[in-house]
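We name chains A, B, ... by the order of the sequence lines, and we start the count at 1 in each one.
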Number of protein chains: 2
Amino acid sequence: MGSSKSLYFSEEQNRLAGLSKALSHPARIAILQYLVKNHTCMVGGLMESLPLSQSTISQHLKELRSIGIVRGEIEGSSVCYCIDEEKWKELTEALQGLIFDVNKTCCP
Amino acid sequence: MGSSKSLYFSEEQNRLAGLSKALSHPARIAILQYLVKNHTCMVGGLMESLPLSQSTISQHLKELRSIGIVRGEIEGSSVCYCIDEEKWKELTEALQGLIFDVNKTCCP
DNA sequence: TCGTTTTATCGCAATATTACGATTTAATAT
DNA sequence: ATATTAAATCGTAATATTGCGATAAAACGA
């Protein structure tokens, strides 16, 4: 076993879990914060600000890209990353919905 | 390797990642939604609504408990679970901060 | 007390994640 | 053409997660 039984859960539950998984590592949080601060970035800048190797950072970026909240555009010989506003909004709205629902029920 | 280098990241980055990790499985999302719907619950009810074994559900609950967003109180021979409002608010506020920061920067 | 119910924990197997060095790929500069 | 730079990918090792059956623990009822 060990494989998550995604099929048995609703699409929304999987979407929320998927976004959360993308945010579930401090390096990926740091990458997002870096993108917010620098608006866009080259991977080189990340390498200076994160205690991780180039290949590891590249992997984390791949994960953020794979759910669509980060996008990279080739710019000369480097790649310029930025947050995909549309996708970010779409996904985080679902998350905010959950947060709202819990607060509404729990803390009236 | 394979161990996450949490020590090298800020407390806030780790807190955000920790909450996200707790939410990163559809079963745990489903558990939270169930708690919202039923306000409080016995594990028995969860067992009927989730396609997972009792021991697996117990493990997911343990994870939610371990970061504090879910609390269980012994009630007779069963345990009554509910969302810990304080902790939930505290943690989700940090997450909403990140969502807000991204939206502010990206989508003015 | 003995069985029942309810939940937690243990032990294990399968799979996923994290990390890094080495290598590859692609664009650019010399 | 060749070297340089930037980033992705490959291969591999360490560790974490997911899941379940079996077993333990705790409270209750007969």
When we call it a touch if two heavy atoms are under 4.0 Å apart, what does A:Leu52 touch: a base, just sugar-phosphate, or nothing? sugar-phosphate

Treating primed atoms plus P, OP1 and OP2 as sugar-phosphate and everything else as base, which nucleotides of nucleotides 24-30 of chain D get B, S or - for protein heavy atoms under 4.0 Å? ---SS--

Whole Å only: how far is the CE atom of A:Met47 from the C1' atom of C:dG21? 13 Å

With nearest nucleotides of DNA chain D determined for A:Gln54 and B:Gln54 from heavy-atom distances, which residue corresponds to the more 5′ nucleotide? A:Gln54

May I ask you to evaluate whether A:Lys21 reaches the phosphate of C:dA16, defined as a side-chain N or O under 4.0 Å from OP1 or OP2? no

Classify the side chain of B:Gln59 versus the base of C:dA8 as yes if they form a donor-acceptor pair under 3.5 Å and no if they do not. no

Please tabulate, for side-chain N and O atoms in residues 69-79 of chain A, each donor-acceptor pair with protein atoms closer than 3.5 Å (sequence neighbours left out).
| from | atom 1 | to | atom 2 | distance (Å) |
| --- | --- | --- | --- | --- |
| A:Arg71 | NE | A:Asp84 | OD2 | 3.0 |
| A:Arg71 | NH1 | A:Glu73 | OE2 | 3.0 |
| A:Ser78 | OG | A:Glu75 | O | 3.4 |

Nucleic acid contacts of residues 27-34 of chain A, taken as heavy-atom distances under 4.0 Å to DNA chain D: none

Proximal nucleotide (of C:dT9, C:dT7, D:dA8) relative to the B:Ser55 side chain: C:dT9

Categorize A:Thr56 for me: base, sugar-phosphate, or nothing, with a 4.0 angstrom heavy-atom threshold over every strand shown. base

Testing the basics here: between A:Leu64 and A:Ala22, what is the closest heavy-atom pair and its distance to 0.1 Å? CD2-O, 3.9 Å

Separation of C:dA19 atom C1' from B:Phe9 atom CZ, nearest Å, is 11 Å

Starting from C1' on C:dT7, measure out to CD1 on B:Ile57 and report it in whole angstrom. 11 Å

Checking B:Arg65 now: which residues fulfil side chain to side chain donor-acceptor pair (under 3.5 Å) with it, not counting sequence neighbours? B:Tyr81

Check the angle between the aromatic planes of B:His25 and A:Phe9 and answer parallel, tilted or perpendicular using the 30° and 60° thresholds. perpendicular

Under 4.0 Å, heavy atoms only, any strand: does B:Gly44 hit a base, just the sugar-phosphate, or nothing? sugar-phosphate

Short side-chain N/O contact to D:dC20 OP1/OP2 from B:Ser53, under 4.0 Å: yes

Where along residues 60-68 of chain A does a heavy atom fall under 4.0 Å from DNA chain C? A:His60, A:Glu63

Within a strict 4.5 Å, meaning less than it, do heavy atoms of the B:Leu16 and A:Leu23 side chains meet? no

Listed by chain and number, what are the side chain to side chain donor-acceptor pair (under 3.5 Å) partners of B:Gln13, not counting sequence neighbours? A:Gln33, B:Ser10

